[in-house]
Amino acid sequence: MSQKRDYYEVLGVSRNASEGDIRKAFRSLARKFHPDKNPDDSEAEKKFKEVQEAYAILSSPDERRKYDTFGHGGAGSSPFGPGGFQGVNISMEDLFGGGFDGIFNQFFGSSRGRRRSKGDDLIYRHSVPFQVAMDGAEDEVEIEALRQCKECDGSGSKDPSNVRTCPGCEGRGRIERVERLGPFTQRAVSDCPSCNGKGKLIQDPCDSCNGQGRYHQSKKVKFTIPPGVSSGVRLRMRGYGGAPKMENGSPGDLYIEIDMQRHPWFERDSSDLLMGLPIGFSDMVLGSKIEIPHIDGKKLAININAGSQPGDTIEIKGRGLPHQGSSRRGSVMVVLKLDMPGKLSKKEKKMFSSMSNILGTDIEKIEQRIRDEASRRRN
Ligand SMILES: [Zn+2]
Ligand SMILES: [Zn+2]
């Protein structure tokens, strides 16, 4: 389906590697291929991105399970949404401590201050009818999230001038400590406990938000779902996540994860639609044309050739789902099923027996028929 390398292979770990193993492998590879160490080396840059993506998946228990089950682009397709991997799920700070900030920031295009006080990313599962895979949709949801308090503009204080800079962190909201790991020293960064990461102490808290500067509010979010979308795709709504702790921070992102409802008869294989069509014995023998309503609004005509067999597949090109980001469409695959009559009335029984010379089993030639069937099946 895709030429992507296996994530385990990328990190050089086994399929049952522990979280610690994966983290260790990532750290060493990320350092090796880092752009600063390999200036103007596009191969290294590619490797570096590949390593990050593999780590983003394998370090998340949920994503790892999905990947183990479905592989690349399997059910749910890219967990990073239609835009592909953006590098958003990795906290470099967690991994490397503050010392690596500058290096990674340029890569993710965010400034030091910005990322440090970014609000939470949110994920919202959004159920849509199957028809959306055909047409796409303009949708709107109401999301409850921590948002900036309007009374105090996020300052948390009744009177904005009545705020003291936190002495514990000198207003940075974060404290750093140096840790020794064997021959290495590394700086670990965490929220300042005195001010709870806000960088300031509020003397006279705002009543609306209890001095937090933000509180849970619901907000309407409008978004566009592209045609060809499938379950598990995440749409990224930049800035629609939680408000940051600090006034000058930026809000997190909202990810809308599409959960597609089932179609009454189609199964889906990427842009192809699969269905079973039960037809009677005589339609299979004599051939027939069947028309059914279809998701593109036009009737779907299925031509059954005379002499068809149960299990035969008819491909109708160009009537499946649109490929994402293109006007091309997949196929409808129709598998013929023999629709056997159930309980017969007396009259029907009579009619069938009168036709047993053509409908029944020719006992005389049974062995030859078994051989014929076997060679057909094996071809
Ligand atoms: Zn502080
Ligand atoms: Zn407030």
Side-chain angles (χ1 to χ4, degrees), residues 88-124 140-181 184-223 236-256:
V88 289
N89 289 349
I90 306 176
S91 165
M92 289 298 159
E93 214 163 74
D94 288 350
L95 259 176
F96 294 101
F100 277 78
D101 255 355
I103 303 174
F104 284 103
N105 275 334
Q106 59 174 47
F107 215 80
F108 293 112
S110 60
S111 76
R112 173 182 279 246
R114 195 189 97 101
R115 191 163 55 81
R116 284 212 161 165
S117 52
K118 198 181 168 206
D120 293 335
D121 287 345
L122 305 172
I123 184 157
Y124 178 84
E140 188 182 73
V141 292
E142 205 164 325
I143 305 262
E144 183 150 305
L146 273 177
R147 306 214 184 266
Q148 199 177 65
C149 174
K150 287 170 197 123
E151 292 304 315
C152 61
D153 285 329
S155 73
S157 174
K158 256 185 203 160
D159 174 4
S161 60
N162 200 3
V163 173
R164 225 156 38 99
T165 302
C166 170
C169 60
E170 292 170 318
R172 283 193 299 270
R174 307 275 252 163
I175 47 170
E176 292 187 354
R177 44 173 212 287
V178 177
E179 274 178 359
R180 280 195 166 278
L181 279 174
F184 302 105
T185 55
Q186 98 178 354
R187 272 179 289 167
V189 183
S190 58
D191 275 3
C192 168
S194 319
C195 62
N196 202 11
K198 282 198 270 295
K200 58 194 182 177
L201 299 174
I202 288 153
Q203 332 262 39
D204 189 11
C206 160
D207 294 327
S208 299
C209 61
N210 285 323
Q212 296 304 305
R214 49 185 197 167
Y215 60 95
H216 276 98
Q217 299 166 47
S218 65
K219 188 177 176 184
K220 285 187 174 150
V221 183
K222 277 190 180 157
F223 53 96
R236 182 190 192 184
M237 308 293 292
R238 214 183 272 267
Y240 280 86
K245 257 187 198 166
M246 297 172 83
E247 264 174 284
N248 59 353
S250 63
D253 298 330
L254 167 68
Y255 291 86
I256 296 172

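On a predicted model such as this, the values are computed, not experimentally measured, just so you know. Ligands are counted one by one from 1 in listed order, and the atoms in each one are counted from 1 as well. The residues of the chain are indexed from 1 along the displayed sequence.
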Report yes or no: does [X] contribute a side-chain atom to a donor-acceptor pair with the main-chain N or O of [Y] at less than 3.5 Å?
X    : Y    : result
D159 : S161 : yes
Q217 : R147 : yes
D253 : D121 : no
Q203 : S157 : no

[Y] and [X], any side-chain heavy atoms less than 4.5 Å apart:
X    : Y    : result
D191 : R174 : yes
N210 : P205 : no
E176 : V189 : yes
T165 : K200 : no

Report task. Taking 2.8 Å as the upper limit, name the protein N, O or S atoms near the Zn ion (ligand 1). Result ->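 Only C166 SG, C169 SG, C192 SG, C195 SG fall inside 2.8 Å of the Zn ion (ligand 1).
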Query raised in the report: Excluding waters, which protein N, O or S atoms are within less than 2.8 Å of the Zn ion (ligand 2)?
Result: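 Protein N, O or S atoms closer than 2.8 Å to the Zn ion (ligand 2): C149 SG, C152 SG, C206 SG, C209 SG.
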**Report entry** Atom pair CD1/CE of I256 and M237 - distance to nearest 0.5 Å
**Finding:**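 Result: 5.0 Å between the selected atoms.
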